[in-house]
Amino acid sequence: MNQKTAAARLEEKCKLHFGCPLNSATNQQAYKAACLVVRDILIEKNMLFQHRNVEAEQKQVYYMSMEFLVGTSLRNNLYNLKLERPFENALSAAGINIHDLYEIEPDAGLGNGGLGRLASCYMDAASSLGYAMTGFSIRYEFGIFKQKIIDGWQMEFPDDWLNMGEVWLQARTDESVEVRFGGHADEYMDEDGYHVVHRDYTTVLAVPYDMFISGYDSDAVNKLVLWSAKSPKSIDMGAFSRGEYAKALEENTRAEVISKVLYPADDHIDGKILRLRQQYFFVSASLQSIIARHVKKYGRLDNLADKAAIHINDTHPALCVPELMRILMDEHNFGWDDAWQITQNTLSYTNHTIMSEALERWNEGMFREQLPRIYQITAEINRRLVQELQTIYPGDVAKIEYMAVIANHEVRMANLCLCACHTVNGVSKLHSDILTNSIFRDYYNLDHKKFQNVTNGIAYRRWLCQSNPELCELLSSLIGNGYLKDARKLESLLEYQDDPSVLASLRDIKLKKKIALRDYISKANGINIDENSIYDIQIKRLHEYKRQLLNALQILHLYRQLKENPHLEIPPRTFLFAAKASSGYFMAKQIIRLIVAISNTINADPAVRDRLKVVFIEDYKVSLAEIIIPAADISEQISIAGKEASGTGNMKLMINGAVTIGTLDGANVEICEAVGRDNMFLFGMTSDEVEALWRQGYSPLSFVRANPALRAVLDMLTSGVLGARFDDIANSLLTNQYGVADAYMTIADFEDYVRAQNLVSETYKDAEKFARMSLINIAKAGIFSADRSVSEYANNIWHI
Ligand code: 26W
């Protein structure tokens, strides 16, 4: 397609959909027309790709995830299809600026954070590499909430993304499937053997919507299938006639609420019925469609595992286990043992968190009531598991209970995945080690071959090439274009680490991106920041273990130092935060309030003007990350060691030339291996040291007593000097009121963090040295490509 054909297609869409020529279309109309033209191309490519795969009896991967944080699609698809220029020119000829259209597109924010974005990065990589992968999730009517900070407090507003985002979806109403909830599962025997009938259930219709996922310079276009819930009954006319309007719509509402909104929590399970219903809804619909497709093609199911790999992204889709068993046994007459074999050989599971409060567990009674047949199967899985464990560990009641799927009136989804999946993996070397040494140790001892590591990776063509074209232009001029398909080729950049003109160009580009972010912040926050200051950036979900609080305390310390010693020679610094807190997470919201208060106090203080600024940027999301990341000098990755499974923001920042200040946690360990200790700012306890300090008995107060500067900072939390008091935060650090004081050891790591921050300031004074560190980070980021991760999954787990 060239500019001329692009123009003709745009013109045609505009006429057919809006009854006007392109040059008199509104930007909204032009945006929709552009999306529809691109979607047509993707549909066509997808049909060809699917056809080829079917002919070749290609094994398919099905990636099951409650979350896909897609972000925006127009620019991504044009980039992948190499159609940016033709579209830009065709639109421009009609008086339309393509960048204005990009701004109209809302993020498809169908996820909370790392796990959801990872799923999207993997879809992108699979398409780029030509793997046949279908994603399955829910078409949430409202994605992750929009965040506004009002009087320092996070407020949540609905994210009505479909209004402008629905153009990407293609409804396949004809292929709707039924999902059954509630009722009773009755078992009986007759001459043919054992049977089950599910009676008195309520049906919800699952309507599939396809979103097409392109790959870079690739023939492959895959699909993300998003299920929408619909009531099979329209309206209760009887109730309506009696004037009972709410009642007339009751069943409708109950069904359709399932796909209404994404759960905005990634910190704890709250065991809500609706979330369980969401999970079963999308798992059952997806498996029914996978199985129907397989049977249609092969006419049998005993070969399912040879032709399909079904991947469970964290435990949220763990109901795949009993649901696949149900379909095989109840609908296709397999016996238990054969069904179990097929199930095990087909399913694999990735764990993304070791936070025990985020490991999903369901109340047994509720589970049974909502999903009676699924409960029966799960209970039978548990019965057989416990029986087997009793022969292996006779009398070891504690171990068997720990490993059981159902215990203490709870159904535990991680154990369900551990016993049923052929492969289980963590998402960084350290995380995978922690899984096998601690929380999943017993399962590891039972069958260590099951466990693997696949270190996370990112869709770097989005995070580097699309969001930082200026940097890519420089890279291409130096090392050619090979890195666009093979990220490891970035390593050739190392040749230029001592080339002053290259280092100067890198600094120029960084400055340009810093100016762009400065302008965004000035518009969005009304705060003016200095592009010549160090941009020190912490962007991620707000969680105590990620320790935004440690950063905040360190800023207060720096502020005090600058006030006490106005001649202190440090480069000016701008600390930037962006983070959403789970709506019910009180302490996380308090930490946001603290950061905002620090920002207000410091930015208004003439004593530190031009030397120190703090900004909390509202409404963190994929498209905002794309603006922030290229502008970062320093990447804050400061979680307590052992708790961040991997982190992926660390990789996005690194590949854009930011230098990491961080602990040896998650993938930071591998970043450190790649760049060397000299090219990042390491600090803090290792995960072993954290463990040791816990065992020994951790007392934050003893650290505070030994550090008067820290004492002074903590006093600022409660004295009111920040314009408000933060007693809850101070208490969480210092008193034992909830069982532990300072559960994330912020106090213990404070001193070493301050040391590392001082080193950042010192190092930055040598502009060339800092630019060299930045270059080395870019050059060594190639292993963190999602292409590498997805190839590992494909070779070692999915066997495609
Ligand atoms: C309460 C339900 C719940 C529990 C956990 C919702 C979501 C979660 C996720 C597992 C949280 C998450 O996003 N984990 C992140 O996954 C990334 C991709 O592997 C990792 O890079 C992050 O370290 C990890 O926190």
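This one's a predicted model, so the numbers in the text were calculated from it and none came from an experiment. Atoms within a ligand are numbered from 1 in the order they appear, just like the ligands themselves.
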Short N-O contact, Glu256 and Lys260, less than 4.0 angstrom: no
Short side-chain donor-acceptor distance under 3.5 Å, Thr350 and Asn425: yes
Give a yes-or-no answer on whether the side chains of Tyr620 and Gln147 include a donor-acceptor pair shorter than 3.5 Å. no
When you check the side-chain N and O atoms of Tyr585 and Gln154, is any donor under 3.5 Å from an acceptor? no
Please say whether more than 12 non-hydrogen atoms of neighbouring residues, nucleotides or ligands are located less than 6.0 Å from NE2 in His268. yes
Does ligand 1 have any N/O pairs with the protein under 3.5 Å, and how far apart?
| residue | atom | partner | partner atom | Å |
| --- | --- | --- | --- | --- |
| ligand 1 | 13 (O) | Leu115 | N | 2.9 |
| ligand 1 | 14 (N) | His352 | O | 3.4 |
| ligand 1 | 19 (O) | His352 | ND1 | 2.6 |
| ligand 1 | 19 (O) | Asn456 | OD1 | 2.8 |
| ligand 1 | 21 (O) | Asn456 | OD1 | 3.3 |
| ligand 1 | 21 (O) | Gly647 | N | 2.8 |
| ligand 1 | 23 (O) | Glu644 | OE1 | 2.6 |
| ligand 1 | 23 (O) | Ala645 | N | 3.3 |
| ligand 1 | 23 (O) | Ser646 | N | 3.0 |
| ligand 1 | 23 (O) | Gly647 | N | 3.0 |
| ligand 1 | 25 (O) | Tyr545 | OH | 3.2 |
| ligand 1 | 25 (O) | Glu644 | OE1 | 3.0 |

Go through the structure and list residues passing ring pair (Phe, Tyr, Trp, His ring centres under 6.0 Å) with His431, not counting sequence neighbours. none
